[in-house]
Peer 1: 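Below: one structure in structure tokens.
A quick note: this is a predicted structure, and the numbers were derived from the prediction, not measured. Just so you know, these numbers use all the heavy atoms, side chains as well, and skip hydrogens, waters and symmetry mates.
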Amino acid sequence: MLKLKMFINGEWMDSLSKQTSNVVNPANGKVIAEAPNGNIEDARMAIDAARTAFDSGIWSDLPASERASYLFKIAEKIEERASELSQLETVNTGKPLKEAEFDIADAADCFRYYAGLVTKPDGQTYPVSGPVQAIVVREPAGVCGLIAPWNFPLLTGAWKIAPALAAGNTIVFKPSEVTPITTAKLFEIIQEVGIPDGVANLVIGGGATVGNELAESDKVDMVSFTGSTATGRSIMRTAAGNIKNIALELGGKSPNIVFADADFETAVDYALYGIFVNAGQVCNAGSRLLLEESIHDKFIDRLIEKAKKIRVGPGNHPSTQMGALVSEDHMNKVLNYIQLGIEEGATLACGGKRITSNGLENGYFVEPTIFVDTKTDMRIVQEEIFGPVLTVQKFKDEAEAIQLANDTSYGLAAGVFSGDGAKALRVIKKIRAGITWVNAYNLAFNEAPWGGYKQSGIGRGLGTFGLEEFSEVKQININLEIEPTKWFDH
């Protein structure tokens with residue numbers, strides 16, 4: 001069994017309280033690691049270390065090329081340990097190994113992308129009136145509290161850590177206490193490449209303690225959070241105490257719209273991929289399928305046929321296509337939503353049950369689930385379930401498709417499938433969502449911005465936007481004619 005530690009000011013340590021918690025393999029319910037249960041005092045120690053490191057300039061004053069060299073080394077080390085990290089990600093999250101392998105490769109690419117980006121030309125000059133040269137530069141935000149979710153532990157960690165470090169910040173990183181293993185391994189790599197003590201700190205603990213302290217502390221300049229909208233609201237309220245910068249990537253209830261003129265098999269394939277990859281535990285999951293009336297019945301028949309063939313099982317089994325949900329509590333939450341959907345009057349067309357056969361009785365497995373005959377005011381249509389549960393609605397024309405797509409408090413993602421490019425673009429431009437696809441779904445790139453509208457968050461990660469998010473803008477005005485203004489001479 002692994003025994004994890006926190007990493008603060010260059011040292012590995014237990015929680016000051018000496019309390020620990022168990023980390024479980026969701027495929028079988030067995031304990032696979034023991035992690036420190038960090039508290040407020042641990043968080044404050046890490047914040048102090050990050051504050052001291054930032055104020056000393058030991059990291060922020062380094063040339064961008066030197067910071068980049070560390071990030072390149074981290075990317076190389078991730079790739080060297082890719083097999084180990086993928087296996088650990090699988091047993092900690094329950095996801096299939098091929099999904100974990102993709103996540104680890106993408107995490108390495110993220111560090112490499114920001115290592116390259118940070119050395120590129122930046123800044124602006126303005127032709128202002130008078131003998132003045134106006135310059136705009138970007139500087140590090142300062143001490144950044146980074147709070148990651150449990151569904152993509154190492155990848156979402158990379159999405160935050162890489163740009164934050166590239167921009168010259170110091171960090172306190174809090175992974176989910178449910179899935180902390182691979183991020184602890186990432187900090188082994190951070191130490192191995194020689195990043196100065198205090199620049200990058202890891203605290204494992206609960207959101208109500210460690211996360212709240214990161215949002216509340218006057219010594220933290222910015223907090224970046226990925227997770228539920230409810231927790232995002234709490235962080236906003238807490239961070240308001242010292243008006244710190246916040247970046248929030250929150251929940252979603254994203255529409256996937258299929259018109260009758262779409263390539264049929266492609267649309268079916270992406271409808272499955274959009275909701276059942278990572279067992280639906282994806283913020284941008286295409287959890288609301290909107291079908292044009294004329295293809296509804298044919299599409300549902302084909303969708304159910306293929307959904308029933310999805311092989312569910314332990315993530316490290318080579319034939320597995322969909323793994324377990326991350327915890328017993330989360331599985332029960334998903335099952336409660338399925339029961340709610342039945343009580344609300346939706347028709348359960350496929351799945352809906354916990355899987356306890358074929359050696360899966362101790363794991364947290366739920367069948368791929370599809371509801372039809374759903375209505376907009378149903379909770380299963382409006383609320384984020386975060387599991388392998390798809391709701392289906394019909395529409396008559398473009399206008400109704402757009403209306404149904406936007407009838408949600410979220411605005412993270414959306415997809416449109418159509419053989420008519422002009423129609424697809426018309427619809428996409430009317431949908432209030434930050435990440436959209438035409439004739440595809442669930443594709444993400446380190447080079448492109450990630451974030452949503454409405455209650456799906458604030459700010460954008462990834463791409464050049466991700467680097468800017470971890471920086472402050474400074475205006476510098478240089479007087480080219482040094483002489484008195486004589487403003488008060490008369």
Peer 1: Is there a side chain to side chain contact (heavy atoms under 4.5 Å, CB included) between Met236 and Arg233? Walk through the geometry before answering.
Peer 2: CA-CA 5 Å; Met236 284 187 73; Arg233 289 192 194 100; 5.6 Å; no

Peer 1: Would you say Lys333 has more than 12 foreign heavy atoms packed within less than 6.0 Å of its NZ?
Peer 2: yes

Peer 1: Please examine the side chains of Ile246 and Met222, heavy atoms only from C-beta on, and report whether any two atoms are closer than 4.5 Å.
Peer 2: no

Peer 1: With Arg81 as reference, evaluate Glu89, Glu76, Glu188 under the salt bridge (charged side-chain N to carboxylate O under 4.0 Å, His left out) test and give the passing residue.
Peer 2: Glu188

Peer 1: What is the distance from atom CD1 of Ile74 to atom CG of Leu186, rounded to the nearest 0.5 Å?
Peer 2: 6.5 Å

Peer 1: Would a 4.5 Å heavy-atom cut-off, applied to side chains only, mark Val23 and Leu2 as touching?
Peer 2: no

Peer 1: Using atom types as modelled and distance alone, determine if a side-chain donor or acceptor of Thr238 lies under 3.5 Å from a backbone N or O of Ala215.
Peer 2: no

Peer 1: Between Asn37 and Ser21, do the side chains contain an N or O donor and an N or O acceptor separated by less than 3.5 Å?
Peer 2: no

Peer 1: Is there side-chain contact between Val91 and Asn316, with heavy atoms separated by less than 4.5 Å?
Peer 2: yes

Peer 1: Closer than 4.0 angstrom, basic N to acidic O: yes or no for Lys77 and Glu80?
Peer 2: yes

Peer 1: Distance from Ile428 atom CD1 to Thr436 atom OG1, nearest 0.5 Å?
Peer 2: 4.0 Å

Peer 1: Is it true that Arg44 and Glu213 make a salt bridge, defined as a side-chain N closer than 4.0 Å to a carboxylate O?
Peer 2: yes

Peer 1: Kindly assign one of parallel, tilted or perpendicular to the pair Trp150 and Phe386, based on the angle between their ring planes and the thresholds 30° and 60°.
Peer 2: perpendicular

Peer 1: Which heavy atom in Ala100 sits nearest to a heavy atom in Thr90, and how many Å separate them?
Peer 2: CB-OG1, 3.4 Å

Peer 1: Are Val416 and Phe259 packed together at the side-chain level, in the sense that at least one heavy-atom pair is separated by less than 4.5 angstrom?
Peer 2: yes

Peer 1: I'd like to know if the side chain of Asn169 reaches the main chain of Gly142, judged simply by a donor and an acceptor atom lying under 3.5 Å from each other, with no hydrogens or angles considered.
Peer 2: yes

Peer 1: Taking all non-hydrogen atoms of both residues, which atom of Phe470 and which atom of Cys144 are closest, and how far apart?
Peer 2: CD2-SG, 3.8 Å

Peer 1: Strictly distance-based, threshold 3.5 Å: is any side-chain N or O of Arg288 a donor or acceptor partner for the main-chain N or O of Thr391?
Peer 2: no

Peer 1: Counting distance only, does the side-chain N/O of Asn201 pair as donor-acceptor with the main-chain N or O of Ile171 below 3.5 Å?
Peer 2: yes

Peer 1: Could you check if a side-chain atom of Pro153 sits within less than 4.5 angstrom of a side-chain atom of Thr93, using non-hydrogen atoms only?
Peer 2: yes

Peer 1: Indicate yes or no for a side-chain donor-acceptor contact from Ser56 to the backbone of Ala53 under 3.5 Å, with no hydrogens or angles considered.
Peer 2: yes

Peer 1: How many angstroms lie between atom CZ of Phe173 and atom CD1 of Ile147, to the nearest 0.5 angstrom?
Peer 2: 9.5 Å

Peer 1: Which heavy atom of Lys95 sits nearest a heavy atom of Asn151, and at what distance?
Peer 2: NZ-O, 3.0 Å

Peer 1: Of the non-hydrogen atoms in Val203 and Met6, which two are nearest, and what is the gap between them?
Peer 2: CG1-SD, 3.6 Å

Peer 1: Does Glu384 pair with Lys253 as a salt bridge, N-O distance under 4.0 Å?
Peer 2: no

Peer 1: Please check this pair: side chain of Asp42 against backbone of Asn39, looking for a donor-acceptor N/O pair closer than 3.5 Å.
Peer 2: yes

Peer 1: Do NZ/NE/NH1/NH2 and the carboxylate oxygens of Asp218 and Arg51 come within less than 4.0 Å?
Peer 2: no

Peer 1: Can you confirm whether the side chains of Asp106 and Asn446 place a donor and an acceptor under 3.5 Å from each other?
Peer 2: yes

Peer 1: Nearest 0.5 angstrom please: Ser471 OG to Asp122 CG, how far?
Peer 2: 7.5 Å

Peer 1: Val334 and Pro388: which non-hydrogen atoms are nearest, and at how many Å?
Peer 2: CG1-CD, 4.3 Å

Peer 1: For Ala424 and Ser418, work out which heavy atoms get closest and say how close.
Peer 2: CB-CB, 4.3 Å

Peer 1: Within a strict 4.5 Å, meaning less than it, do heavy atoms of the Ile204 and Pro175 side chains meet?
Peer 2: yes

Peer 1: In terms of heavy-atom contacts, does NZ of Lys120 have more than 12 from other residues, nucleotides or ligands at under 6.0 Å?
Peer 2: yes

Peer 1: Tell me, do Thr231 and Phe225 make a side-chain contact under 4.5 Å, heavy atoms counted?
Peer 2: yes

Peer 1: Main chain of Asn406, side chain of Lys430: is a donor-acceptor contact present, judged purely on distance under 3.5 Å?
Peer 2: no

Peer 1: Please check if the side chain of Gln281 supplies one atom and the backbone of Asn278 the other of a donor-acceptor pair under 3.5 Å.
Peer 2: yes

Peer 1: Count the heavy atoms belonging to other residues, nucleotides or ligands that lie under 6.0 Å from CZ of Phe465, then report whether that count exceeds 12.
Peer 2: no

Peer 1: Supply the atom-to-atom distance Leu289 CG to Phe417 CZ, rounded to the nearest 0.5 angstrom.
Peer 2: 9.5 Å

Peer 1: Under a 3.5 Å distance rule, please check whether Trp450 uses its side chain to pair with a backbone N or O of Ala444 as donor and acceptor.
Peer 2: no

Peer 1: Under the 3.5 angstrom rule, does the side chain of Arg67 hit a backbone N or O of Leu62 as a donor-acceptor pair?
Peer 2: yes

Peer 1: Give the C-alpha distance, both sets of side-chain angles, the deciding distance and a yes or no for side chain to side chain contact (heavy atoms under 4.5 Å, CB included) between Phe111 and Lys73.
Peer 2: CA-CA 9 Å; Phe111 276 97; Lys73 291 175 185 176; over 6 Å; no

Peer 1: Roughly how far apart are Arg432 CZ and Lys454 NZ, rounded to 0.5 Å?
Peer 2: 7.5 Å

Peer 1: Tell me, with the steps shown, if Val389 and Ser287 meet side chain to side chain contact (heavy atoms under 4.5 Å, CB included).
Peer 2: CA-CA 7 Å; Val389 181; Ser287 53; over 6 Å; no

Peer 1: Could you check whether any side-chain heavy atom of Val199 comes within less than 4.5 Å of a side-chain heavy atom of Ile58, counting everything from C-beta outward?
Peer 2: yes

Peer 1: Taking atom types as modelled, is there a side-chain donor on Trp159 or Glu249 under 3.5 Å from an acceptor on the other?
Peer 2: no

Peer 1: Would you sort out whether Asp221 and Glu472 count as a side chain to side chain contact (heavy atoms under 4.5 Å, CB included), showing the intermediate values?
Peer 2: CA-CA 10 Å; Asp221 300 294; Glu472 292 278 15; over 6 Å; no

Peer 1: Are there over 12 heavy-atom neighbours, none belonging to Glu192, within less than 6.0 Å of that residue's CD?
Peer 2: yes

Peer 1: What class does the angle between the rings of Tyr270 and Tyr273 fall in, given that below 30° is parallel, 30 to 60° is tilted and above 60° is perpendicular?
Peer 2: perpendicular

